[in-house]
S.K.: 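If you scroll down you'll find the structure; I have some questions about it.
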Amino acid sequence: FACKMPNKSRRVFEFEDLQLDVEHPCLWRGKELVSIPPKALQILVVLVERNGEIVSREDLLERVWQNTFVEEANINYTVSLLRKSLGDNKFVQTIPKRGYRFVGEVRAIEDHSVETISQTKEPAAKEIGEIRTSPVARAKKARRLSLAAAALLTVVGLTSFAAYYVWHKREAQANPVGRRPINTLAVLPFKSLANDETEITLSLGLADSLISRLGSLKRFTIRPFSAVEKYAKGKKDSLEFGKELKSDAVLVGTLQTVGNRLRISARLMDVRDGTQIWTASFDETESDIFALQSNLATQVAASLLEHLTNSDEKLLSKQYTENAEAYRAYLRGRLIFERRIEDGFQQSLDEYQKAVSLDPAFALAYAGLADLFSRRGNGLSGTEGRDAYKKAKLYAQTALQLDGDLAEAYASLGRIKRLDDWDWDGAEKDFKRALELDPNNALALSWYAQMLSFLGRHDEALATVKRAIDIDPVSPTIAGVLFPVLEGRGEFEEGLRLAKEAYLLNKENSNARRAYATFLFHHGEYGKVIEIAEESQEKGRIASHAALSLLAASYYKTGQGAQAAEYLTQIEKESKTNSKFLFSLAVNYAELGRFDESIDALEKCLDQHEERLVWINHDPRFAALKNDDRFRSIMRKMRLI
């Protein structure tokens, strides 16, 4: 028996109407075998053998999970399964911060003797006489009556237990496709045992690689790196985090560098019941990091799928560079980029450039540079913004020249064509190609949804952003795309409800704060808009063009002209050097009925190619200008109509 526990002699413990055989671990209730998970059964053996004593978590790890990496959540979960199997919570007592204790009255039955080892240790004669016959006693009695009958009984008993154990193991581990389908998977960064920055970066890179490789199979939804990266910084256990990510399974493990070797312990766990689906250990030299990535991805995929095709194996073993140092530089640049470290642009740029200097054919590093400059262009205005977009476009095109199947590069190119070129057909083609190559690219979906929204394709936009949120349910950035989509659809009630929930959940979430204020404005709750915006000012947050625009408009709506004029003057001042403020100024002028000045501001935005212009046909605050020929002329020049 694979779950057999070591014992010096064959013994059976009895408590209430249950009998526990500890030599060939199994639990009986009368003649019926009790269904209990193997690990829960082993915990029961340990607790019963030490009845009345506190058994620490460390002791349980040593006895039940020998030489296996297990988180505390696994112990907690297995104990909960044990309690369910026993049908009563009274037997297993949790001792906070110390461990567990079995508190039932237990009798040890060995040969024909009965010994009570309960905490009272004072069994009455009558109680002993009424002890239910154990499986061992029944077998001995049968032997006295008939050796043949006893042999038959033993064979039947052993066969039944073996059949149960094989069935249970198959149910829990060997049949992931049929009985426990995995539709969503989260690859969590492996824990660095040394907590070393180099190891942590390597761990995050390993997670990123596995996400990309497994996602390329297009067989299940893989949570993106931006979602799982938070796990490395937090203290949540893997199963809890997996539930937060709404995943069916999580891949977890540990990573340790010993000399020039990488030692990895990996486990695939079912989030729904804590069952371990697959486990493996790897020991490779650091120079074999790429072989390790391919091997690990292939083994994980094989544990989830019935069959891997030659095409699958090729995708799982795809290698973007053979230069290990170039790969590490790329990882460092990617990590700085993903974490949006303040003043991190130059740090990330330096790492990406180091990567491409070490390997000029490293397409993924060029895609990283495209993302970096695309984000920079989105934050700048005027000539600086356009220059950043031009660099981003060049890097994306270089990446695709090196690797024509790089989803990341197509997504970046689509975003650039959308924001800077206003090439809607070209952008849509690139987004669709990116999603064809990587259906799990939540960012590409969110960028595509935004474009569909300001093109007036509202139903498609809503369906697309919902797909993005399904893939990455914890990203405030992606969730934030839903708000302008709802605004464009005129769904102000739903927008306000969702924005309020997000804002109250985290008031530091800038997307939620802005959306909440915007929908309050559309509902005419101008006093509340002022309260939220002014509170942000008091906390020292940088006033955005959108926040100042809402403040100026809300003060006018509430008859507070002096305050409104003060904020409008501030917007006018900033608009002289920043085209984003110039766009917001056009919005305020339109609401004030100063239509000529609004059109003039919009035409200047057009000359400066301000990316905010893509929203002019979407923003309800331009309602008074929608039929103005000059306004429509601007939209035609942008190919929006």
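Remember, it's a predicted structure, so these values are computed and weren't measured experimentally. Scope of the values below: all heavy atoms of this structure, side chains included, with no hydrogens, waters or symmetry mates.
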S.K.: Set out, in order, the CA-CA distance, both residues' side-chain angles and the distance that settles side chain to side chain contact (heavy atoms under 4.5 Å, CB included) for Val228 and Val187, then state yes or no.
M.R.: CA-CA 7 Å; Val228 302; Val187 178; 5.7 Å; no
S.K.: Got a sec, which residues hit salt bridge (Lys or Arg N to Asp or Glu O under 4.0 Å) with Asp59, two or more places apart in sequence or on another chain?
M.R.: Arg50
S.K.: Report the C-alpha separation of Asp403 and Lys318 in whole Å, then their side-chain angles, then the decisive distance to 0.1 Å, and conclude whether the side chain to side chain contact (heavy atoms under 4.5 Å, CB included) test is met.
M.R.: CA-CA 11 Å; Asp403 184 348; Lys318 182 174 180 177; 2.9 Å; yes
S.K.: Does anything in residues 288-300 pair up under salt bridge (Lys or Arg N to Asp or Glu O under 4.0 Å), and if so which pairs, sequence neighbours excluded?
M.R.: none
S.K.: Just to verify, what does Glu501 make a side-chain hydrogen bond (donor to acceptor under 3.5 Å, both in side chains) with, not counting sequence neighbours?
M.R.: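 Partners of Glu501 under the side-chain hydrogen bond (donor to acceptor under 3.5 Å, both in side chains) test: Arg497.
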S.K.: Under the side-chain hydrogen bond (donor to acceptor under 3.5 Å, both in side chains) test, which residues partner Lys429, sequence neighbours left out?
M.R.: none
S.K.: Please list, chain by chain and in numerical order, all residues satisfying ring-ring contact (aromatic ring centres under 6.0 Å, His included) with His458, sequence neighbours excluded.
M.R.: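 Result, ring-ring contact (aromatic ring centres under 6.0 Å, His included) vs His458: none returned.
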S.K.: Can you sort out the partners of Phe290 under ring-ring contact (aromatic ring centres under 6.0 Å, His included), two or more places apart, ordered by chain and number?
M.R.: Tyr327
S.K.: Distance alone, cut at 3.5 Å: any donor-acceptor contact between the side chains of Thr285 and Asn260?
M.R.: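 No, no side-chain donor-acceptor pair sits under 3.5 Å.
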S.K.: For residues 359-370, tabulate all N or O donor-acceptor pairs below 3.5 Å that involve a side-chain atom, not counting sequence neighbours.
M.R.:
residue	atom	partner	partner atom	Å
Asp359	OD1	Ala361	N	3.0
Asp359	OD2	Thr321	OG1	2.5
Tyr366	OH	Pro360	O	3.2

S.K.: Kindly assign one of parallel, tilted or perpendicular to the pair Tyr448 and Phe431, based on the angle between their ring planes and the thresholds 30° and 60°.
M.R.: tilted
S.K.: Which residues pass the salt bridge (Lys or Arg N to Asp or Glu O under 4.0 Å) test with Arg514, sequence neighbours left out?
M.R.: none
S.K.: What pairs with Asp350 under side-chain hydrogen bond (donor to acceptor under 3.5 Å, both in side chains), at least two apart in sequence or on another chain?
M.R.: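 For Asp350, the residues satisfying side-chain hydrogen bond (donor to acceptor under 3.5 Å, both in side chains) (neighbours in sequence not counted) are Gln346.
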S.K.: If a pair satisfies side-chain hydrogen bond (donor to acceptor under 3.5 Å, both in side chains) and one of its residues is in residues 464-486, list it, with sequence neighbours excluded.
M.R.: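 Pairs touching residues 464-486 that pass the test: Ser226-Asp472.
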S.K.: Could you name each residue pair satisfying ring pair (Phe, Tyr, Trp, His ring centres under 6.0 Å) that touches residues 384-420, not counting sequence neighbours?
M.R.: Phe373-Tyr395
S.K.: Do you see a donor-acceptor pair shorter than 3.5 Å between the side chains of Ser294 and Arg213?
M.R.: yes
S.K.: List for me each residue that meets side-chain contact (heavy atoms from CB on, under 4.5 Å) alongside Ala512, sequence neighbours excluded, and say none if there are none.
M.R.: Ala502, Tyr503, Asn509
S.K.: Is there a side-chain contact between Arg415 and Leu443 in this structure, where contact means two heavy atoms from C-beta onward sitting under 4.5 Å apart?
M.R.: no
